[in-house]
Number of protein chains: 2
Amino acid sequence: MENGAPAVEARRRAGRPPHPVLGPGRITKAALRLIARDGYKGLTMSALARLLNVAPSALYNHVSSKQDVLLLVEDHLMAGVDISGFEAGPWHQAVRGWAWSYRNVFARHTPLIPVIAVLPVTNAPQTVKMYEAVTAGFHAAGWPPDQIIDAIVALESFIFGSAFDVNAPAEIFNAGELAADAPLFTQAVASRASGSGSGPGGDERPVSPSDTAFGLGLEALIDGLWAQRALAPKARHP
Amino acid sequence: MENGAPAVEARRRAGRPPHPVLGPGRITKAALRLIARDGYKGLTMSALARLLNVAPSALYNHVSSKQDVLLLVEDHLMAGVDISGFEAGPWHQAVRGWAWSYRNVFARHTPLIPVIAVLPVTNAPQTVKMYEAVTAGFHAAGWPPDQIIDAIVALESFIFGSAFDVNAPAEIFNAGELAADAPLFTQAVASRASGSGSGPGGDERPVSPSDTAFGLGLEALIDGLWAQRALAPKARHP
DNA sequence: AACCAAAATGAATGTCATTCATATAGTGAG
DNA sequence: CTCACTATATGAATGACATTCATTTTGGTT
């Protein structure tokens, strides 16, 4: 039941079917089922309509484009991002939990990232809700108000980039025939400390290389941002 | 002149036209011209063929798919990323220059990012060359070899995510009708310190919000990574 | 019972990437 | 000089796709 107000008002104007056979909610659920089964390549308007026992053109009475469908999915996923840490706990730990959760949710939905990163949050209630919770956490930690959004954007950029990295194949850094021209790089790849370290849960189990890199970068970013809190904004560069 | 060796060897095997009318080099250049003119939506195999005065199907004698074309473009762009700082200067400054340059190059080529982030570097000479230079810089700065790749991946993730942010519209954080439900967020957006700070060149001119966020995150990441250098790899999380 | 607007339909359109059978052209071998 | 070989170019065809449109169905309201 996402945003019933306009539907109610519209229903007031004239006779309507009381059972909305199709609607944002059902479309979102069907899209998620499709994505879970066949991935984003399987998410076509035809497949979506087929799953809903409806003609493809019928969907356009409820969404104006496929991008609209992606927006619905995105906003639904945002509700799955863990913001509980910002309600009470220490800032460092809240950001950690939020960032891991955020990355894990979108690692399986990377095709959404180019959409999210560029589209306004208007008409995305769950997304706004998440931003409000995160902002509140920063505020409570004494962050300078005029730096909060920039800090969130920086963290989000790292999270989105890292979500792509999760889907990288293991051999992505295999230079192949070019290895001879890149001895230091090849050596660094070979000695990469994969499998060591602790997992996102703090327990001692093997983690993927992308988990290790994300953990390293996240801790660096959290510490670095904390240290720069209240300093003048800078964007210097040689 | 991109890797003439295979072509020469192939020419040795049998009779060939001495003037390669089409080839990776020309295809790459044409693709870049198309992207510059019409953006990535204008980069179609038909348009590419038209620009080269050739039938679309002819392209498939030189590339096996459109993804191959994107790979050619990507590797070409990698040559434009500034790695000069790693040859001599201090580590902090070298990373800074590299990261700004890397982000600026791919901010205008975000459709490539999902491709880059997932595809092996094999057969991408410029890409391998860049990684080698960066690895050498980390090595020279005394970085623990088994952490170099993870640190680079973390920086790259931040860079890729930030490249998307560059293309975000100014009103991306306008909550619209939902503003009432997100007072702290709305206030933080309004007080965002945009226009202040110094530009990437260190001079005093207005910078975009994405520049500010990138500068903030990059400095935090650089400082944080430097501080964590030589510490045990960690990926902890509550 | 008639009306009206939302919603569903089926056919059609245009844009893609990609494939395939065929044709061409230049080169080394005879 | 000529034949055969091979890379490369061609044009037509295919199938997937999002989207549009004229038309019909549907069900509550009057």
Side-chain angles (χ1 to χ4, degrees), chain A residues 3-28 30-31 34-35 37-73 111-112 114-115, chain B residues 3-27 30-31 34-35 38-73 111-112 114-115:
Chain A
N3 194 354
V8 164
E9 196 214 348
R11 195 173 306 135
R12 192 181 48 74
R13 280 204 308 269
R16 296 284 176 79
H19 310 298
V21 289
L22 221 51
R26 276 188 236 263
I27 291 175
T28 306
L34 222 42
I35 292 162
R37 189 189 310 282
D38 307 323
Y40 275 86
K41 68 183 180 337
L43 179 61
T44 69
M45 297 302 270
S46 305
L48 196 52
R50 203 178 315 129
L51 190 59
L52 290 161
N53 291 316
V54 134
S57 52
L59 296 170
Y60 288 87
N61 287 318
H62 304 270
V63 296
S64 65
S65 65
K66 187 180 178 178
Q67 265 223 356
D68 256 37
V69 177
L70 295 180
L71 250 305
L72 289 173
V73 172
L112 287 180
V115 178
Chain B
N3 194 356
V8 165
E9 196 212 348
R11 196 173 305 134
R12 192 180 47 74
R13 280 205 306 273
R16 298 284 176 79
H19 309 300
V21 286
L22 222 49
R26 276 187 236 261
I27 291 176
L34 223 42
I35 292 163
D38 307 322
Y40 274 85
K41 69 184 180 334
L43 178 60
T44 70
M45 296 302 271
S46 304
L48 196 53
R50 202 177 317 129
L51 191 59
L52 289 160
N53 291 315
V54 134
S57 53
L59 296 170
Y60 289 87
N61 288 317
H62 304 272
V63 296
S64 64
S65 66
K66 187 180 178 179
Q67 266 223 356
D68 256 36
V69 176
L70 296 179
L71 250 304
L72 288 173
V73 172
L112 287 181
V115 178

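Worth knowing before you read on, the calculation uses all heavy atoms, side chains too, and leaves out hydrogens, waters and symmetry mates. A note on names: the letters A, B, ... follow the listed sequences, proteins ahead of strands, and every chain is numbered from 1.
In plain terms, the two heavy atoms of A/Ala31 and A/Val69 that are nearest each other are CB-CG1, 4.0 Å.
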Would you be so kind as to tabulate the donor-acceptor pairs closer than 3.5 Å made by side chains of residues 42-64 of chain A, with sequence neighbours excluded?
residue : atom : partner : partner atom : Å
A/Thr44 : OG1  : A/Ala47 : N            : 3.0
A/Ser64 : OG   : A/Asp68 : OD2          : 3.4

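Phosphate proximity of D/dA7 to B/His62: absent, as no side-chain N or O sits under 4.0 Å from OP1 or OP2.
Spacing between atom CG of A/Leu70 and atom C1' of D/dT19 amounts to 15 Å, rounded to whole angstrom units. Rounded to whole Å, the distance from CG on A/Asp68 to C1' on D/dT19 is 13 Å. In this structure, the CG atom of B/Leu52 is 11 Å from the P atom of D/dT10, given to the nearest Å.
A ring pair (Phe, Tyr, Trp, His ring centres under 6.0 Å) check over residues 39-58 of chain A, counting only residues at least two apart or in different chains, returns the pairs A/Tyr40-A/His109.
Here A/Lys66 contributes atom NZ and A/Leu71 contributes atom CG; the two are 13.5 Å apart, rounded to the nearest 0.5 Å. Rounding to the nearest 0.5 Å places CD1 of B/Ile35 at 11.0 Å from NZ of B/Lys41.
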* Structure fact -> B/S/- along nucleotides 9-20 of chain C (protein heavy atoms under 4.0 Å) is BB-----SSBBB

